[in-house]
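The next block holds one structure in the form of C-alpha cells; read it before the comments.
We're numbering straight along the sequence, starting at 1. Numbering of ligands and ligand atoms starts at 1, following listing order.
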Amino acid sequence: MRMILLGAPGAGKGTQAKLICEKYKIPHLSTGDIFRMNISTKTPLGVEAKKYIDKGQLVPDALTIQVVKDRLIEADCKNGFLLDGFPRTVFQAEELSKFLESINTELDVVLLIDVPKEFIIERNIGRRICSSCGVSYHVKFHPPKELGTCDFCGGRLIQRNDDNEETVKERLNVYTNQTHPLIDYYKTNHSLSIVDGRDTILSVSKNIFTVLDS
Ligand code: AP5
Ligand code: MG
Ligand code: ZN
C-alpha cells in the first residue's frame, strides 16, 4: 500500500502512522521526523531545516522534495510506504506525482485525519516525544506507562522545540494557507478519504483500518 496521511499539526498523523505501518508492514516516512533526526545530529540538512522549523515555517520545497525522493528510492519502499507530513504544498504534491509516474508507481490512498482548530493547541502543547525513537505521547491523552520514559525503547521523553503556543499558532496559519489547499487538490486529482480525528486514538485507528480494508 502506498499512502499519504494529511492533517493539521497535532491531528494525530504520527500516532496513527505508527499503528498503520505496523499493521500493513510498510515504512513510515515522516519528513518532520527526518528533519528532527538531522537536527539532533547537526547535519547540514538539519542546520538548514532548523531555521524554518523553530519558527513554525515550512522548510523550502526544493530541499524537502529531494529528501523524499532520496527516501522513496530505498529498497524498503518498493512494496509500499506511508508519507506523513508530505506533501504540504500543492507544488510538493505535483512534484510527487511526477516522480511516482517516473518510477511507474501510483498512490493507493490519500487519507485526511480531520480535526477542528480548537483541538490543535492542546494536542501540541501536551505532546512529548521520545528522544530516541520519535514516538509521540501526550501528558493527558496518551501518557507513557512510566513518567518521562518511552514505553517502546526506554528513551527519554522531551518536548519538541516547536510545541510552544506561539509556534503552534504559526504552524496552524501555515497549514491553513499552504497545506489545506491540498484537500481540494486531492479531491480533484485522486480520491480523498476522510476520518474524524476527534475520537480517541484507538477509535480513530479503527475507523482508518475500516477505510484501508474496504
Ligand atoms: P511535522 O513533524 O510533520 O509536524 P506537524 O505537521 O505540525 O504535525 P505534528 O507532528 O505536530 O502532528 P501529528 O499530526 O503527527 O500529531 P501526533 O500524532 O504527534 O513537521 C514539523 C516541521 O517540519 C514543520 O512545521 C515544517 O517546518 C517541517 N516540515 C515537515 N514536513 C515538511 C514538508 N513537507 N515541507 C516543508 N516543511 C516540512 O499527535 C499530536 C499529539 O496529540 C500527541 O501528543 C498525541 O499523543 C496526541 N493525540 C494523537 N491522536 C490523539 C487523539 N485521537 N486524541 C487525543 N490525543 C491525541
Ligand atoms: Mg507528526
Ligand atoms: Zn522510544
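Not a single heavy atom of Gln16 sits less than 4.0 Å from an atom of ligand 1. Ligand 1 lies nowhere less than 4.0 angstrom from a heavy atom belonging to Ser30. Within the structure, ligand 1 has Arg160 among the residues with a heavy atom less than 4.0 angstrom away. Residue-ligand proximity: Gly7 is placed with every non-hydrogen atom at 4.0 Å or more from ligand 1.
Using modelled atom types, one finds no donor on one side chain facing an acceptor on the other under 3.5 Å when comparing Tyr52 with Asp162.
Of all the atoms in ligand 1, the ones that sit under 4.0 Å from a non-hydrogen atom of Ala8 are 14 (O). Per-residue contacts place Asn124 under 4.0 angstrom from the following atoms of ligand 1 (heavy atoms of the residue considered): 11 (O).
Looking from atom 20 (O) of ligand 1 to the surrounding protein, the closest heavy atom is Arg88 NH2, 3.3 Å. Closest to atom 18 (O) of ligand 1 among all protein heavy atoms lies Thr15 OG1, 2.5 Å.
A salt bridge does not link Glu94 with Lys98: every distance from a Lys NZ or Arg NE/NH1/NH2 to an Asp or Glu carboxylate oxygen is 4.0 Å or more.
At least one side-chain heavy atom of Ile158 sits less than 4.5 Å from a side-chain heavy atom of Ile129. The shortest distance between side-chain heavy atoms of His180 and Ile183 falls below 4.5 Å. For the pair Val109 and Ile4, the minimum side-chain heavy-atom distance is 4.5 Å or more.
Considering both main-chain and side-chain atoms, Gly12 comes within under 3.5 Å of ligand 1 through a nitrogen or oxygen pair. Taking only nitrogen or oxygen atoms, main chain and side chain alike, Arg127 reaches within less than 3.5 Å of ligand 1. Ligand 1 has no N or O atom lying under 3.5 Å from any N or O atom of Phe35, backbone or side chain.
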